[in-house]
Visitor: 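Below you will find the structure I want to go over with you.
Since this is a predicted model, take the numbers as computed values, not measurements. First the proteins, then the strands, lettered A, B, ... as listed; each starts at 1.
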Protein chains: 2
Amino acid sequence: MSFEQLKAIPYFQDLDARALEGIQAHAFEVRLQKGHMLFTEGEPAQAMYVVRFGKVKIFKLSPDGREQVLRIAEAGDCFNEVPIFDGGPNPANAQAVESASLWGIRREGMRRLVEEHPAIAIGFLKAFAGKLRYFTRKVEDLSFRSVTSRVAKHLLEMADDDGKGGLRLKRQSTQQELASVVGTAREMVGRAFKALEKEGAITFDRHGVVIVSRAALIRML
Amino acid sequence: MSFEQLKAIPYFQDLDARALEGIQAHAFEVRLQKGHMLFTEGEPAQAMYVVRFGKVKIFKLSPDGREQVLRIAEAGDCFNEVPIFDGGPNPANAQAVESASLWGIRREGMRRLVEEHPAIAIGFLKAFAGKLRYFTRKVEDLSFRSVTSRVAKHLLEMADDDGKGGLRLKRQSTQQELASVVGTAREMVGRAFKALEKEGAITFDRHGVVIVSRAALIRML
DNA sequence: TCATTCGTGAGACTAAAGTCACAGACGTAT
DNA sequence: ATACGTCTGTGACTTTAGTCTCACGAATGA
């Protein structure tokens, strides 16, 4: 775990050498295979995590087995800070959707880091603010938008902003995965895709969804 | 704005005198009449706010005029910290649901406060963690629960925990208000009340809802 | 190469939620 | 006391969403 590796994390890129040394002193590495659970909701929290590489989904499960994905954490993202700062149990489940390497920081380590390095505390305040904004939008989406609108919005967010009009997606997912993210059943995602295709917003190639017209997608919001 | 008044705010009760003086130096008072808007979504943020007394609802509005209440801020609560820390615009609207007195702190004042008083930064980290946990639950409710279940959950949360079984609610609201909180139409709240009454969970007196059986409410979750 | 698993399509059907319009009761203001 | 506004009930109806089941093609693993 070098300074360069830490500085690759947006949260840490502005920290001075002493703060980075502090993180090095408190962080431990975790390797996760695809499909493996990192932690489950309701358990006492062990640590918060920073993703070095790979992807971890943070999700809630309903009593009848449905999943609502809250977030997919990728390289550079943090997750599970909530129980480290508020002292409660894990608020959700975490599972690797692809093989991942993470750094973990336990509560006591984090307590020392934010006390000894105010810049770290301020960095986390900004990160939390960003996450709260994201959640207000997620509540808005679930409350106001139809399934097709939520799917269209997700595709717009996933558009690969390559400066050429973004016809491809940054990443494809299965219809079941997309259903978990936008909060619906996989059949409904298929129907939404059909409706969006009919409106000329998307089409499909052998890799998956291709955006034909952002404007048409925006009209479906 | 005395130390006693500030210390009445849970966020500030553990601060030392110098931190409290810092807040006094940066806070300004705002008075709001019932029904008046404090700010609207998308505008540049003026300040974050602490409620001295009264109630302010924080809400999103849909294009067709529906409201999703994100939170009702009461005495001792903070709101609108998100844009102060992440630099973006107001994430939602705020309106007094009863006459209120608030303290506002602008971005620059907050920046100085968290830099000069790490205890303030740490207090806000804890507060943000609590809000994030609350929002993960709200997403879970909207995604997994039926309207009746969301109404039952709300009534359980509003039960006046007086140590006698909590038959009364801490506060009554109209069916329209409750609909905005749980994310539905007012007619659906009426139907949910009817279903809960039929199950022996609630009844009505001249003030409004009375919880007859918490256990029965819990069974309706 | 073959067997197994996964992902998807499809359509019939059920369930849940929302809309609409109007009337009556209650609350508020004059 | 009266007029006006707000809240609520109601039920028919529409819309949206979810469930279920099965078949087929693609992907994966042995």
Visitor: With DNA chain D as reference, determine whether B:Thr174 or A:Ser146 sits nearer its 5' end, using the nearest nucleotide of each.
Guide: B:Thr174

Visitor: B:Met188 has an atom CE; how far is it from atom P of D:dG11, in whole Å?
Guide: 15 Å

Visitor: Measure CD/A:Glu187 against P/C:dT14 and give the value in whole Å, please.
Guide: 17 Å

Visitor: In whole Å, I'd like the distance from the CG atom of B:Leu178 to the P atom of D:dT6.
Guide: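 Rounded to the whole Å, the gap is 20 Å.
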
Visitor: How close or far is atom C1' of D:dA12 from atom CZ of B:Arg191, stated in whole angstroms?
Guide: 10 Å

Visitor: Under 4.0 Å between a side-chain N or O of B:Gln175 and OP1 or OP2 of D:dT6?
Guide: no

Visitor: With the side chain counted from C-beta on, respond yes when B:Lys131 and B:Glu81 share a heavy-atom pair under 4.5 Å apart, and no when they do not.
Guide: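 They are in contact (side-chain heavy atoms under 4.5 Å apart), so the answer is yes.
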
Visitor: What do you reckon, are the aromatic ring centroids of B:Phe128 and B:Phe85 less than 6.0 Å apart?
Guide: yes

Visitor: Would you mind reading off the distance between A:Arg186 atom CZ and D:dT21 atom C1', rounded to a whole angstrom?
Guide: 10 Å

Visitor: What is the distance, rounded to the nearest whole Å, between atom CG of A:Asp141 and atom C1' of D:dA17?
Guide: 17 Å

Visitor: Apply salt bridge (Lys or Arg N to Asp or Glu O under 4.0 Å) to the pair B:Lys153 and B:Glu157, showing each step before the final yes or no.
Guide: CA-CA 6 Å; B:Lys153 190 183 183 219; B:Glu157 284 164 0; 3.8 Å; yes

Visitor: Can you measure B:Arg150 atom CZ to C:dA16 atom P for me and round it to whole angstrom units?
Guide: 13 Å

Visitor: Quick one: is B:Thr184 getting a side-chain N or O under 4.0 Å of the C:dG18 phosphate, OP1 or OP2?
Guide: yes

Visitor: Hey, does the side chain of A:Arg71 reach the backbone of A:Phe79 with a donor-acceptor pair shorter than 3.5 angstrom?
Guide: no

Visitor: To the nearest Å, how far apart are A:Lys34 NZ and D:dA27 P?
Guide: 14 Å

